[in-house]
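Since the structure comes first, as structure tokens, the remarks are kept for the end.
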Amino acid sequence: AHGRGEWRFFSDDMDARLAASLRLESALRSALAEGSQELQLHYQPICDARTGAPVKVEALLRWNSPTLGPVGPDRFIPIAEQSALILDLGHWVMNEAMRQVAAWRAAHGHAPVVSVNVSVRQFLHKDFELQLYSLLLLHGLPASQIELELTESVLAGEDEELQGLLARLRDAGWGLSLDDFGTGYSSLSYLARFRLSTVKIDRSFVRGVDQDARKRSLVRAIVSMGHSLGLVVVAEGVETEAERGVLLQEGCDQLQGYLLGRPAPAQDRPPTPAA
Ligand code: C2E
Ligand code: CA
Ligand code: CA
Ligand code: CA
């Protein structure tokens, strides 16, 4: 369309997408500005599979932009991850989660462990560990109040420095959870190689597990492997009673999903009394 022998890197469609993502990125930058109140954490319960009692909560980021309206994290996190913006966003999330935990502890004398999603780039940044401890100190919390949810892409690096960092964090009491398990590459070897505390079976294997023998076999294998390594096994995205029944039978320790509770703002999700 643009004449013979002419190369074009950007189609109009790509231009439009690039423009949209730049718009989103700049809107996100202003959301991070002091006092903007566009960002909020919602909390979703993670429950004991047998009793249904909530044992932890996962912090999930919400963004209500005055110009773009509500934007889901599946849309804006990948864009933030393309730049250093994810570092500021990650810091905001960690600070806000700890602030909430401290407020719960002050009001009720205790708080649930909060699982915080951490991006690869954030986790591998040289200042991450120091930042964690400054925030702990600022909010007066023990490391055991926070669990870091990592994806397999973090572990793909396989170097000694990474193993050392994970071991130090575990020794200091931080929970380390492997998120979206089963969706990455050489998942099973990661479980054995790194010192984690929890593995979360991805929603894609949970959805319809009661009607799919292959999914069920996979869940059984992950539970067995996880337990032999001393890990807590969580199934995420549990939506139906039928799924819950199978997951319980297959030995999952904890369940998370709309069936047990949707993500909600902190004021709607006060901590349950200590057991
Ligand atoms: P994720 O970490 O796998 O989080 C679980 C997602 O599944 C959440 O979507 C949650 O609302 C949704 N979910 C929970 N139960 C059910 C269910 O029963 N059925 C269905 N269909 N969905 C369920 P959400 O909140 O939209 O977050 C999407 C992704 O965005 C998260 O996936 C995570 O990868 C990322 N994310 C969210 N908050 C943060 C954050 O603070 N930092 C980082 N780095 N990533 C975040
Ligand atoms: Ca997660
Ligand atoms: Ca997940
Ligand atoms: Ca996910």
Side-chain angles (χ1 to χ4, degrees), residues 24 28 31-32 38-47 49 54 56-64 70-101 113-125 128 131-132 135 146-154 175-184 187 196-210 222 232-244 247 252 254-266 268-269:
L24 201 129
L28 198 49
L32 278 163
E38 294 173 35
L39 297 171
Q40 198 187 11
L41 289 183
H42 281 196
Y43 298 87
Q44 184 178 32
I46 300 171
C47 301
K56 283 189 293 204
V57 295
E58 177 174 1
L60 293 160
L61 187 54
R62 297 292 176 260
W63 177 27
N64 193 0
V71 188
D74 276 333
R75 248 187 85 207
F76 68 79
I77 296 280
I79 287 172
E81 278 172 344
Q82 289 166 14
S83 73
L85 201 53
I86 192 63
L87 301 175
D88 292 339
L89 200 61
H91 183 267
W92 186 91
V93 168
M94 191 62 71
N95 181 56
E96 174 57 18
M98 288 194 193
R99 189 199 60 73
Q100 184 58 60
V101 170
V113 167
V114 176
S115 273
V116 178
N117 291 287
V118 178
S119 284
V120 188
R121 185 155 175 186
Q122 186 190 356
F123 188 78
L124 298 180
H125 193 272
F128 180 68
Q131 196 181 86
L132 281 180
L135 287 174
I146 303 293
E147 182 174 86
L148 309 173
E149 284 203 7
L150 310 171
T151 51
E152 289 168 65
S153 43
V154 168
L176 290 178
S177 178
L178 187 54
D179 202 0
D180 301 344
F181 188 76
T183 57
S187 310
L196 306 161
S197 50
T198 300
V199 56
K200 297 181 83 170
I201 304 175
D202 190 69
R203 191 163 85 219
S204 54
F205 305 108
V206 168
R207 189 190 309 120
V209 68
D210 54 304
I222 297 173
V232 171
V233 181
V234 181
E236 53 178 12
V238 185
E239 293 186 358
T240 69
E241 279 297 346
E243 289 164 356
R244 190 223 295 254
L247 296 164
C252 290
Q254 295 170 359
L255 307 179
Q256 178 180 7
Y258 295 163
L259 180 70
L260 298 116
R262 291 193 176 244
D268 302 345
R269 179 137 350 267

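In listed order, ligands and their atoms are each counted from 1. Quantities reported herein were computed from a predicted structural model and do not represent experimental measurements.
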Decide whether an N or O pair under 3.5 Å exists between S119 and ligand 1.
yes
Quick check: does Y258 get an N/O under 3.5 Å from an N/O on ligand 1?
yes
Please examine the side chains of L39 and L89, heavy atoms only from C-beta on, and report whether any two atoms are closer than 4.5 Å.
yes
Could you tell me whether the Ca ion (ligand 2) has an N, O or S atom of N117 under 3.0 Å away?
yes
For P263, take its heavy atoms, then give the atoms of ligand 1 lying under 4.0 Å from any of them.
11 (O)
Heavy-atom pairs closer than 4.0 Å: do any link ligand 1 to the side chain of V238, the backbone, both, or neither?
backbone
Got L247 and L255 here, is their nearest side-chain heavy-atom distance under 4.5 Å?
yes
Pairwise side-chain contact, V113 with I46, heavy-atom cut-off 4.5 Å (strictly under):
no
Can you tell me if G72 has a non-hydrogen atom under 4.0 Å from ligand 1?
no
Which part of H42 is near ligand 1, with near meaning a heavy atom under 4.0 Å away: side chain, backbone, both or neither?
neither
Hey, does R62 sit under 4.0 Å from ligand 1 if you only count heavy atoms?
yes
Which atoms of ligand 1 sit under 4.0 Å from any heavy atom of D180?
3 (O)
Suppose we only allow N, O or S atoms; which atom of E58 ends up nearest to the Ca ion (ligand 2)?
OE2
Is there side-chain contact between E152 and D180, with at least one heavy-atom pair below 4.5 Å?
no
Give a yes/no answer: is there an N/O/S atom of D180 under 3.0 Å from the Ca ion (ligand 2)?
no
Please give me the minimum heavy-atom distance between I201 and F205, naming the atom from each residue.
CG2-CB, 4.0 Å
Element-labelled atoms of ligand 1 that are located less than 4.0 Å from some non-hydrogen atom of E58:
2 (O), 4 (O)
For a 4.5 angstrom cut-off between non-hydrogen side-chain atoms, does E58 reach K200?
yes
Of the side chain and backbone of D202, name the one, both, or neither that has a heavy atom under 4.0 Å from an atom of ligand 1.
neither
Of the backbone atoms (N, CA, C, O) and the side-chain heavy atoms from C-beta on, which set of L61 has a member under 4.0 Å from an atom of ligand 1: side chain, backbone, both, or neither?
both
Here the vertex angle at the Ca ion (ligand 3) for OE2 of E236 and OD1 of D179, given to 10°, is 100°
First locate atom NE2 of H125, then atom CD1 of I86, and finally report the distance between them rounded to the nearest 0.5 Å.
12.5 Å
Of all N/O/S atoms in E149, the name of the one nearest the Ca ion (ligand 2)
OE1
Whether the side chain of E38 engages the backbone of L32 through a donor-acceptor N/O pair (distance < 3.5 Å, no angle test) should be reported.
no
Hey, does Q131 have a side-chain heavy atom less than 4.5 Å from the side chain of H91?
yes
Contact region, R203 to ligand 1, non-hydrogen atoms below 4.0 Å, reads side chain
Where do E147 and T198 come nearest, in terms of heavy atoms and distance?
OE2-OG1, 3.3 Å
Sub-3.5 Å N/O-N/O distance, E149 and ligand 1
no
Treating E96 as the side-chain partner and W92 as the backbone partner, does any N or O pair qualify as donor plus acceptor under 3.5 Å?
no
Does the plane of the ring in F128 sit parallel, tilted or perpendicular to the ring in F123? Use 30° and 60° as the thresholds.
tilted
Kindly confirm or rule out an N or O of Q122 lying under 3.5 angstrom from an N or O of ligand 1.
no
Nearest heavy-atom pair of N117 and A59: which atoms, and what distance?
ND2-O, 3.3 Å
Which of the atoms in ligand 1, numbered in the order shown and given with their element, are less than 4.0 Å from a heavy-atom of E239?
17 (C), 18 (O), 19 (N), 20 (C), 21 (N)
At a 4.0 Å threshold, what atoms of ligand 1 neighbour a non-hydrogen atom of D74?
28 (C), 29 (C), 30 (O)
List every atom of ligand 1 that sits less than 4.0 Å from any heavy atom of Q44, numbering the atoms from 1 in the order shown and giving each element.
14 (C), 15 (N)
Which is it for I77 and ligand 1 at heavy atoms under 4.0 Å: side chain, backbone, both or neither?
side chain
Is the shortest distance from a heavy atom of R262 to ligand 1 less than 4.0 Å?
no
Distance-only, no hydrogens or angles: does the S119 side chain make a donor-acceptor pair with backbone N or O of Q122 under 3.5 Å?
no
